[in-house]
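Presented below is the structure to which this report refers.
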Amino acid sequence: MERKRVLSGVQPTGVLHLGNWLGAIRNWVELQHQHDTFFCVVDLHAITVPHDPALLAHQTRQTAALYLACGIDPQLATVFVQSHVPAHSELCWLLNCITPLNWLERMIQFKEKANKQGSQTSVGLLDYPVLMAADILLYNADLVPVGEDQKQHLELARNIAQQRLNTRFAPHRETILNVPEPLIFPEGARVMSLTDGRNKMSKSDPNDNSRINLLDAPEVVRKKIKRAKTDAATGLTFDDPERPEASNLLALYALLSGGSRAAAAEECGQMGWGQFKGMLSEVVVDALRPIQQRHGELMGDPAVLDRVLSQGRQRAEPVAKASLERVRTALGLVPRNLELS
Ligand code: AQP
């Protein structure tokens with residue numbers, strides 16, 4: 001049976017955090033064994049908000065190194081940098097021309113980020129979901145692992161593929177591009193901020209204490225967890241909607257200690273915050289230790305990472321080019337592979 005194709009990526013907008021790992025990359029590690037997986041570092045997405053050019057290349061390599069350090073195996077998965085495959089930008093342009101503007105204006109992430117940036121909001125930020133659609137559709141992905149926050153963008157990609165492309169430009173023929181399905185993992189789907197259990201943990205939160213970065217040193221992890229927001233109640237529980245911080249930290253403990261949620265609730269149900277935070281800190285430090293060690297080795301030997309990314313580009317490019325050519329032809333552009341006579 002043919003393996004289903006999966007595509008996903010993370011923006012190199014900072015150091016990856018526990019949310020990126022538990023909500024995304026940890027699931028990719030499982031997927032790579034049964035699926036045909038493509039994992040990219042989406043550097044073109046990272047420049048849709050103000051960025052520091054001196055940092056971008058470093059963070060792009062660091063993100064790729066963290067994929068590998070978290071267990072992505074380049075023998076099983078195709079790991080590459082989005083901007084190394086120019087078809088992403090080119091398909092984005094073609095899709096821009098068939099996507100209604102008002103579909104983009106209703107995107108929640110755009111509204112939230114544009115609110116923060118006011119008059120500095122870029123066209124790229126508005127267009128972010130079309131670039132994401134291009135990323136997915138280029139590889140004819142069957143499944144896209146998405147957090148809750150990205151569901152709306154995936155729906156947009158599906159609508160572009162189905163309504164704007166396949167139905168309009170190939171009504172009587174084979175579909176031009178595959179319409180992908182979301183893949184949502186319930187466990188760890190959303191890791192919340194340490195300083196406000198109602199907001200998701202995010203790289204772009206200006207307060208570094210709101211997240212645990214995968215490269216935080218043990219003493220930094222301990223300090224952040226010690227300072228994490230608590231409440232006046234004793235005992236950790238999942239069930240109280242008035243106690244989002246308790247629920248979030250208990251979920252982290254369950255995920256990282258390897259036990260079930262029920263076991264974590266039983267173990268910590270009567271515990272005071274001080275004792276619980278001490279235990280949680282050590283579980284987090286232990287989970288991050290092997291990732292940090294492997295990341296250090298990879299960043300210390302750039303040739304290994306360069307080889308992985310170059311091999312990834314070589315595998316990704318032909319797949320992307322074939323899809324791009326189908327869209328170009330469907331839209332009526334003159335094929336590029338005309339022989340010179
Ligand atoms: N807090 C989270 N909990 C669970 N999953 C999360 N993801 C991100 N934050 C959490 C998942 O990580 C993948 C890649 O995310 P991204 O970096 O491309 O963009 P994002 O979702 O916008 O993540 P950030 O950290 O909030 O980045 P910034 O601050 O740069 O916008 C996705 O699968 C996402 O669901």
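Keep in mind it's a predicted model, so treat the numbers as computed, not measured. Just so you know, ligand 1 is whichever comes first in the structure, and atom 1 is the first atom listed for that ligand.
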Legend entry - contact_flag G9 ligand 1 heavy-atom lt 4.0 Å: yes
Inset, instruction - Take every heavy atom of M192, measure it against each atom of ligand 1, and state whether any distance is under 4.0 Å. - result: no
Inset, instruction - Taking only Lys NZ, Arg NE, NH1 and NH2, and the carboxylate oxygens of Asp or Glu, determine whether R211 and D216 approach each other closer than 4.0 Å. - result: no
Legend entry - Residue portion contacting ligand 1 (non-hydrogen atoms closer than 4.0 Å) for K113: side chain
Legend entry - Heavy-atom donor-acceptor pair, K4 side chain to H35 backbone, under 3.5 Å: no
Inset, instruction - Mark up the atoms of ligand 1 that fall under 4.0 Å of a heavy atom belonging to T13, in ascending order. - result: 30 (O)
Legend entry - Numbered atoms of ligand 1 (with element) below 4.0 Å of G23, judged on heavy atoms: 4 (C), 5 (N)
Inset, instruction - Compute the ring centroids of F110 and H153, then answer whether they are less than 6.0 Å apart. - result: no
Legend entry - Contact with ligand 1 for H45, non-hydrogen, under 4.0 angstrom: no
Inset, instruction - Using modelled atom types only, decide if a donor and an acceptor are shared between the side chain of D142 and the backbone of R5 within a distance under 3.5 Å. - result: yes
Legend entry - Nitrogen or oxygen atoms of K203 and ligand 1 under 3.5 Å apart: yes
Legend entry - Side chain Q152, main chain I108, donor-acceptor under 3.5 Å: yes
Legend entry - Pair Y139 + F80: ring centers closer than 6.0 Å: yes
Inset, instruction - Could you tell me whether A24 and ligand 1 have an N or O pair separated by under 3.5 Å? - result: no
Inset, instruction - May I ask you to list the atoms of ligand 1 that are less than 4.0 angstrom from any heavy atom of R190? - result: 3 (N), 4 (C)
Inset, instruction - Consider every N or O of M201 and every N or O of ligand 1, then say whether any pair is closer than 3.5 Å. - result: yes
Inset, instruction - May I ask which of Q109, K200, R26 has a heavy atom nearer to atom 23 (O) of ligand 1 than the others do? - result: K200
Legend entry - Verify same cluster id: I47, V85 (apolar side-chain graph, 4.5 Å): no
Inset, instruction - Please answer whether the main-chain N or O of N178 pairs with a side-chain N or O of T175 as donor and acceptor at a distance below 3.5 Å. - result: no
Inset, instruction - With heavy atoms only and a cut-off of under 4.0 Å, state how V191 meets ligand 1: side chain, backbone, both or neither. - result: both
Legend entry - Closest candidate by heavy atom, reference atom 7 (N) of ligand 1, pool N27, V144, N20, T63: N20
Inset, instruction - Please determine, by modelled atom types, if H84 and D43 share a side-chain donor-acceptor pair under 3.5 angstrom. - result: no
Inset, instruction - Below 4.0 angstrom from a heavy atom of S204, which ligand 1 atoms are there? Numbered from 1 as shown, please. - result: 28 (P), 29 (O), 31 (O)
Legend entry - Nitrogen or oxygen atoms of Q11 and ligand 1 under 3.5 Å apart: yes
Legend entry - Ion pair R328/E325, N-O distance below 4.0 Å: yes
